[in-house]
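Just the heavy atoms: all of them, side chains too, but no hydrogens, waters or symmetry mates, feed the values below. Quantities reported herein were computed from a predicted structural model and do not represent experimental measurements.
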Amino acid sequence: MTTTKFTSTSTVTTTATTAAVTSALPTTPPFNNETYLISLAIIWNGEDVSTEAKRQFASYIFPSFAAACPTSSRLNRTSINLVVVQLETLLNLDDVQILQNALSVSNYLFTGLKSSPLTPLLETVLSNTTVPGYYLMNYHTVAPMSLTLLQDALVKVIDQRIQESSNPADQRNYRAALFIDDSIDITQMTQLFRYFRYGLMFFRYTDGTVDESLISVRQSGIINIIVLLPAVSGDKLKLAAFKLNMFSYNYRWFVHRARWVNANFDNRMVTYSTNVTSMEFGRVHDTLRYDLRTTSEVLVFDLESIWQPYLQQYLCDEKTPVNKTLRGFSGSFKLNPNGSVARLNWRLQIYRGLEAKKHQIGEWTSDGGFNMLPYPDPARTPELSLSELKLNPFNIVTLIIPPYVMYKSGVSPEAPLRQRLTGMYIELCKEILADLGITDYDFFLQPDEAFGVFNKTWNGIIRTMMDGRAHLACAPVTIETSRKEVVSFTKPLHSSQQSILYKQPPGDPVAEMFQFLQPLDTEIWLTILGVLVYVAIVLAVMHKIIPNQGIKLDLYDSLFFSFAEVVQGTSGAVPNQISGRIVVAFFWFFTLFLLLTYIANYAAFRLLDGVQQQVDSLQSLLQNSAFEFGVIRNTVTVTLLQTSTFVYMQQIYSLLADTFPNGLVHNETYALQIMQNDSFRYALIGDDLQNKYLAETQCNLVNTGQFYELKSALVLPPGNEYGKYFDEQIVRMSNRIIELQQKFFHVPVESRKDCTDRTFLGYVKNYTPKNPWPVKSGALTLTNTLGIAMINLFGCIFALILSAIERSFSRLLQRRSEVRRKTQVAEAYAMAQRPTMLE
């Protein structure tokens with residue numbers, strides 16, 4: 001006795017491989033007295049169902065025959081061959097003719113079809129079969145449901161959901177977004193366009209545009225989202241929507257074909273959203289019993305379920321012809337004795353919710369049946385939202401802004417970002433999340449490194465939160481009116497003013513000591529020295545020509561006279577000759593204007609130096625031509641200056657936006673690099689707390705000019721359900737916030753950067769005596785006058801040295817004179833002792 005066998009083949013055909021059609025449908029040999037072979041064909045376009053069709057037949061249909069009639073002789077002598085032809089593209093006319101010929105001569109009992117332009121052509125082929133009782137091969141078409149019927153179901157379900165809402169007349173209820181694939185002709189969706197009279201956006205699904213499409217929906221304010229996608233595409237859309245926090249109570253989802261109700265989200269995505277209404281073929285628990293995960297799998301199961309009674313009637317040699325109504329997953333079918341099948345209706349099961357909250361609330365049939373339990377939107381409590389947050393990945397966006405947010409030292413760059421970050425805000429966010437029981441979280445850095453400003457559209461962290469790409473922004477984002485319109489803020493964490501940060505030039509100590517020389521250029525000083533020498537020479541020459549009576553004016557005395565006239569004003573005696581007095585009179589005229597010019601220049605120099613050194617407000621910064629200044633781009637400081645009603649602030653914004661090349665810098669690091677350039681002076685306008693921190697950690701930085709207090713907080717997505725828990729934690733942690741601020745913003749002296757200047761000028765500056773008490777702005781300091789004292793000291797020392805030299809020289813001359821005198825005396829005495837010639 002021969003055991004019943006089941007075999008299967010499958011072929012994928014395209015317009016380029018027509019030969020594959022004939023090989024996919026091998027000719028079935030006629031029945032004989034020994035063995036029987038029954039062939040079945042499935043011709044399917046769209047999703048590949050070849051493997052699934054064979055699995056279903058082998059697992060559920062084929063075993064049912066043995067269970068119904070295990071001793072049947074036909075059963076034990078019959079083989080069943082299932083052929084699946086998968087059409088990936090539309091066939092041309094030649095391919096259709098080949099397929100028709102193959103079916104007409106191949107002795108197939110049944111051919112199952114998915115409705116397509118190919119179906120009417122194939123149904124015209126009438127081929128004989130040698131299976132007793134069935135003289136013609138039958139075509140069974142099971143899919144898809146027409147768009148007209150699908151829209152009827154959608155409109156009825158959507159309308160009831162809207163009528164159950166708190167405000168059915170709200171125009172937002174009659175706007176929707178529609179996600180479809182290429183199998184749906186949008187021009188046939190007229191019923192949906194009529195119902196959503198205030199707008200229907202539609203998106204052709206592509207993998208690369210899912211996020212952008214969902215963000216467009218969010219930005220448009222649409223709350224109704226219709227998904228008509230197969231399972232694979234639907235799952236990708238579901239994942240993207242979950243990451244964008246679009247399963248909140250703000251949206252209503254209506255899903256067909258994607259079968260979200262069939263399976264749980266993956267292990268890192270859990271939602272209890274009851275705002276998802278699914279309309280699918282078959283009850284969930286029934287389809288899952290047969291492991292049917294997609295709409296195509298359900299339709300193929302219906303097709304094979306149609307064949308089962310006919311095959312059983314023949315294999316079990318049942319005398320009663322098949323004449324019954326079959327309730328399939330997609331609807332009911334009338335099975336006729338001749339093998340023909342007519343669909344009686346389509347049937348959709350209606351579900352609300354996902355995961356553990358899903359349950360059936362109604363049913364729709366194409367013959368007019370519709371019932372749906374009233375299910376108004378349940379209250380989405382913060383407790384429920386928090387429980388979902390604990391079960392899912394919690395994404396946090398941040399910016400590197402020391403010491404609010406900064407990298408830990410000594411941590412590997414390969415470590416997760418949550419382990420690498422620290423700072424006041426990071427530690428605060430970690431403690432809040434720990435108290436709320438949220439453990440599965442991670443940080444990511446804002447790609448454009450911006451807080452967010454509005455320039456035709458929002459950017460930075462504000463845009464990220466508007467798009468729902470993060471659950472929390474852990475950064476010192478300033479609370480500002482326009483931002484509050486598009487995102488949610490927690491209670492303020494801290495307040496901080498704006499201030500001015502600039503580098504104090506280290507200064508040249510030698511130049512500061514001899515500052516009295518700076519009002520006049522070196523060439524002028526040399527010219528003055530030349531005039532003194534020139535006048536001295538003229539006076540000496542004139543004294544030589546016509547000596548002055550009672551006055552000695554040789555070159556030495558003339559040099560002293562000209563120097564004394566400039567420094568002291570008068571040296572006492574003056575030349576008494578008319579020519580000499582004329583020279584002296586013109587020299588006094590020169591000295592007068594020299595002193596007036598020096599005093600005026602010195603006063604202006606001191607005043608200008610004081611103004612350039614002193615910056616203590618935005619007004620003084622604006623008036624100081626020695627400074628360029630800037631702000632960090634895309635921060636609230638930019639908006640503050642740009643929108644201020646104060647003229648000086650508007651002028652500052654105009655300069656930094658249009659004039660200064662470094663007016664809008666990328667970040668603090670770049671601003672500090674600019675400050676280190678000693679070729680010009682640069683000031684940064686920004687957060688006072690951060691500027692104080694930078695002044696303590698960097699060398700020669702000054703923070704001053706505090707103005708305009710602002711409050712900063714954490715940022716949450718618009719319309720979030722869990723903000724109150726963060727507010728409660730912030731209020732409870734008020735003292736802890738102060739502790740963290742002191743911890744991260746106060747830098748111990750031993751931890752500060754060593755700013756010691758080890759150059760020669762640095763040592764000179766370090767050993768220069770410091771002023772023992774505060775000095776008023778613009779006042780001369782000890783350092784400024786030290787050069788004069790040093791000149792006086794050097795003059796005294798030089799005089800002492802000269803006096804010592806003079807004394808030594810005088811004593812030398814005295815000794816020489818004494819020796820000469822003694823020599824003369826000795827010679828005189830010798831002469832006296834010598835006998836005269838008379839003797």
Side-chain angles (χ1 to χ4, degrees), residues 47 49 52-53 55-57 59-61 63-64 114 140 142-146 149-150 152-158 160-161 226-232 234-235 238 252-265 271-309 324-335 341 343-375 378:
E47 296 172 274
V49 297
E52 180 60 22
R55 181 193 70 83
Q56 293 179 17
F57 200 93
S59 300
Y60 307 116
I61 307 301
S64 69
K114 180 180 180 182
H140 300 147
V142 294
M145 182 169 62
S146 71
L149 293 175
L150 176 59
D152 177 75
L154 283 169
V155 169
K156 288 179 178 178
V157 171
I158 293 171
Q160 180 161 328
R161 288 285 293 112
I226 304 170
V227 180
L228 305 179
L229 295 173
V232 174
D235 284 344
K238 177 180 63 178
R252 301 190 194 104
W253 292 81
F254 302 94
V255 183
H256 174 65
R257 292 175 65 198
R259 302 195 72 83
W260 289 356
V261 296
N262 275 44
N264 294 331
F265 282 42
T271 179
Y272 297 127
S273 176
T274 57
N275 296 325
V276 178
T277 304
S278 299
M279 294 160 283
E280 302 293 359
F281 295 126
R283 291 185 173 90
V284 173
H285 62 278
D286 291 333
T287 55
L288 290 179
R289 182 174 59 183
Y290 294 104
D291 197 23
L292 306 178
R293 302 287 175 175
T294 69
T295 298
S296 290
E297 292 175 5
V298 172
L299 295 174
V300 169
F301 191 87
D302 274 0
L303 175 64
E304 295 183 353
S305 297
I306 291 172
W307 294 342
Q308 193 275 340
K324 59 185 293 189
T325 298
L326 174 70
R327 182 184 174 94
F329 288 132
S330 64
S332 297
F333 301 88
K334 179 62 174 68
L335 279 59
V341 175
R343 179 182 282 279
L344 300 179
N345 64 13
W346 291 89
R347 183 183 299 107
L348 290 172
Q349 308 300 327
I350 306 171
Y351 283 84
R352 284 289 303 276
L354 300 174
E355 301 290 342
K357 296 292 183 181
K358 65 188 176 189
H359 59 278
Q360 187 173 2
I361 61 172
E363 182 181 87
W364 171 91
T365 59
S366 60
D367 50 9
F370 176 71
N371 62 84
M372 180 173 166
L373 296 175
Y375 202 99

Between [X] and [Y], is any pair of side-chain heavy atoms under 4.5 Å apart?
X	Y	answer
Arg259	Leu292	no
Glu363	Asn371	yes
Arg55	Asp291	yes
Gln360	Leu373	no
Asp367	Leu344	no
Ser330	Met145	no
Leu326	Ser305	yes
Val300	Glu52	no

Nearest-0.5 Å distance, [atom1] of residue [X] to [atom2] of residue [Y]:
X	Y	atom1	atom2	value
Asp235	Trp260	CG	CH2	8.5 Å
Arg283	Phe329	CZ	CZ	10.0 Å
Met279	Trp364	CE	CH2	10.5 Å
Thr287	Arg289	OG1	CZ	9.5 Å
Asp152	Ser146	CG	OG	9.0 Å
Asp286	Gln349	CG	CD	8.5 Å

For a quick test of reading the model, state the closest non-hydrogen atom pair linking [X] to [Y] and the distance between them.
X	Y	answer
Ala258	Gly234	CB-CA, 4.1 Å
Tyr290	Tyr60	O-OH, 3.4 Å
Lys358	Val261	NZ-O, 2.8 Å
Val255	Val276	CG2-CG1, 4.1 Å
Leu335	Pro309	CD2-CG, 3.7 Å
Lys334	Thr325	CD-OG1, 3.9 Å

Margin query: Is it true that Arg347 and Ser332 share a donor-acceptor pair across their side chains at a distance under 3.5 Å?
Written below: yes
Note to self: Checking side-chain polar atoms at under 3.5 Å, does Thr365 have a donor or acceptor matched by the opposite partner on Asn345?
What the structure shows: no
Checklist line | Chi angles and distances behind the side-chain contact (heavy atoms from CB on, under 4.5 Å) call for Val49, Leu299 | finding: CA-CA 10 Å; Val49 297; Leu299 295 174; over 6 Å; no
Output yes when a side-chain donor or acceptor of [X] lies under 3.5 Å from a complementary backbone atom of [Y], and no otherwise.
X	Y	value
Glu280	Arg257	yes
Glu304	Ile61	no
Trp346	Leu150	no
Tyr351	Val284	yes

Note to self: Once you measure the plane-to-plane angle for Trp307 and His140, does it fall in the parallel (<30°), tilted (30-60°) or perpendicular (>60°) bin?
What the structure shows: tilted
Check: What class does the angle between the rings of His256 and Phe281 fall in, given that below 30° is parallel, 30 to 60° is tilted and above 60° is perpendicular?
Finding: perpendicular
